Amino acid sequence: EVQLQASGGGLVQAGGSLRLSCTASGFTFDDYAIGWYRQAPGKEREGVSCISRTYNATEYAYSVKGRFTISSDNAKNTVYLQMNSLKPEDTAVYYCAAGEYRLWVLGPDSGSRMDYWGKGTQVTVSS
């Protein structure tokens with residue numbers, strides 16, 4: 001059974017930090033780029049960041065570049081998203097997703113080309 005288990009959301013003040021984790025099981029970790037989408041109320045879903053071991057690549061949406069860092073622990077099949085300097089506009093439900101590296105869109109995107117999704121985790125940044 002394919003699973004993407006996300007954790008690490010919460011409430012933080014502006015300027016603070018959170019780390020999200022996504023643990024994958026049921027598929028070959030290296031075959032996919034894994035990362036995060038987010039969706040705020042009334043807004044389009046947005047690709048935030050992804051990482052590919054096959055292509056040795058990390059990608060970020062412009063809105064988070066320089067503040068968020070994605071990494072992976074391949075032995076644990078886990079991807080991390082370290083979020084620093086958080087802003088109220090980062091408030092959203094964050095979804096872990098896995099898909100072909102070439103199909104990731106970092107920015108506004110429905111995410112329809114992703115193969116697997118985890119349940120969302122809420123991130124709330126207060127001003």
Side-chain angles (χ1 to χ4, degrees):
E1 179 187 4
V2 172
Q3 283 192 330
L4 291 172
Q5 185 68 43
S7 62
L11 172 64
V12 65
Q13 289 188 333
S17 299
L18 284 173
R19 188 177 80 158
L20 304 182
S21 300
C22 175
T23 299
S25 61
F27 63 92
T28 303
F29 193 73
D30 290 354
D31 286 348
Y32 296 88
I34 297 175
W36 300 88
Y37 275 74
R38 68 185 181 186
Q39 189 160 22
K43 294 188 177 180
E44 187 177 3
R45 187 167 289 189
E46 176 185 28
V48 176
S49 181
C50 71
I51 185 167
S52 168
R53 185 184 183 194
T54 299
Y55 292 93
N56 192 30
T58 57
E59 307 289 350
Y60 299 93
Y62 180 80
S63 58
V64 306
K65 199 169 289 187
R67 299 187 297 121
F68 290 12
T69 302
I70 194 167
S71 61
S72 68
D73 183 334
N74 297 319
K76 296 181 179 180
N77 281 2
T78 298
V79 171
Y80 303 97
L81 185 67
Q82 179 66 44
M83 305 185 293
N84 298 330
S85 302
L86 282 161
K87 304 175 180 180
E89 50 264 44
D90 294 317
T91 295
V93 178
Y94 284 68
Y95 298 91
C96 183
E100 290 185 46
Y101 174 69
R102 63 184 179 90
L103 297 180
W104 272 83
V105 176
L106 286 306
D109 181 65
S110 67
S112 62
R113 288 162 288 187
M114 295 294 100
D115 291 296
Y116 305 119
W117 290 90
K119 293 182 179 179
T121 185
Q122 177 72 45
V123 171
T124 303
V125 185
S126 63
S127 58

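Note: hydrogens, waters and symmetry copies are ignored here, and every other heavy atom, side chains too, is used. Predicted, not measured: the structure shown is a model, and the values here were computed from it.
For Tyr32, the ring-ring contact (aromatic ring centres under 6.0 Å, His included) test picks out Phe27, Tyr116, with sequence neighbours left out.
Between Thr69 and Tyr80, the closest side-chain pair of non-hydrogen atoms is not below 4.5 Å. A heavy-atom distance below 4.5 Å is not found between the side chains of Ser72 and Arg53. Contact check for Arg38 versus Val123: no side-chain heavy atoms found under the 4.5 Å cut-off. In this structure the side chain of Ser7 never reaches within 4.5 angstrom of the side chain of Thr121, judged on heavy atoms.
Heavy-atom neighbours of Gln5 CD from other residues, nucleotides or ligands within 6.0 Å: at or below the threshold of 12. The neighbour count for Gln13 CD, taken as heavy atoms of other residues, nucleotides or ligands under 6.0 Å away, does not exceed 12. Annotation for Asn56: atom CG does not count as buried by contact number, only 12 or fewer foreign heavy atoms lying within 6.0 Å.
The shortest non-hydrogen separation linking Cys22 to Trp36 is CB-CZ2, 3.5 Å. For the residue pair Ser110 and Arg45, the shortest heavy atom distance occurs at O-CD, 3.6 Å. Of all heavy-atom pairs spanning Asp109 and Glu44, the tightest one is N-OE2, 3.7 Å. For the pair Gly107 and Ala61, the tightest heavy-atom approach, listed with the atom from each and the gap, is N-CB, 4.1 Å. Considering all non-hydrogen atoms of both residues, Gln122 and Val93 come closest at OE1-CG2, 3.2 Å.
Side-chain atoms of Thr124 and Thr91 include no donor-acceptor pair closer than 3.5 Å.
For the atom pair Phe68 CZ and Thr58 OG1, the distance stands at 14.5 Å (nearest 0.5 Å).
A donor-acceptor pair under 3.5 Å links the side-chain atoms of Thr78 to the main chain of Lys76, judged by distance alone. Here the side chain of Thr54 pairs a donor or acceptor atom with the backbone of Asp30 at under 3.5 angstrom. Thr28 places no side-chain N or O within donor-acceptor distance of the main-chain N or O of Asp31, the cut-off being under 3.5 Å.
Connection of Tyr60 to Leu86 is established within a shared hydrophobic cluster, with ILVMFWY side chains joined at heavy-atom distances below 4.5 Å, either directly or through further cluster members. Hydrophobic clustering (ILVMFWY, side-chain heavy atoms < 4.5 Å, transitive): Phe29 and Trp104 are in distinct clusters. Val48 and Leu4 fall within the same hydrophobic cluster, where Ile, Leu, Val, Met, Phe, Trp and Tyr residues are linked whenever their side-chain heavy atoms come under 4.5 Å apart, directly or through other members. Hydrophobic clustering, with ILVMFWY side chains joined whenever heavy atoms are under 4.5 angstrom apart, keeps Leu106 apart from Ile70. A single hydrophobic cluster is seen to contain both Val64 and Ile51, as judged by linkage of ILVMFWY side chains at heavy-atom distances under 4.5 Å, directly or through other members.
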Next item on the list: I would like to know whether Leu81 and Val79 meet side-chain contact (heavy atoms from CB on, under 4.5 Å); could you show each step before the answer?
Entry: CA-CA 7 Å; Leu81 185 67; Val79 171; over 6 Å; no
Item checked: Stepwise side-chain contact (heavy atoms from CB on, under 4.5 Å) test for Glu59 and Tyr101 -> CA-CA 10 Å; Glu59 307 289 350; Tyr101 174 69; 2.4 Å; yes
Note to self: I'd like to know whether Cys50 forms a side-chain contact (heavy atoms from CB on, under 4.5 Å) with Met114, so could you lay out the CA-CA distance, the side-chain angles of the two residues, the decisive distance to 0.1 Å, and finally the verdict.
What the structure shows: CA-CA 12 Å; Cys50 71; Met114 295 294 100; over 6 Å; no
Next item on the list: List the steps and the verdict of side-chain contact (heavy atoms from CB on, under 4.5 Å) for Val2 and Asp115.
Entry: CA-CA 10 Å; Val2 172; Asp115 291 296; over 6 Å; no
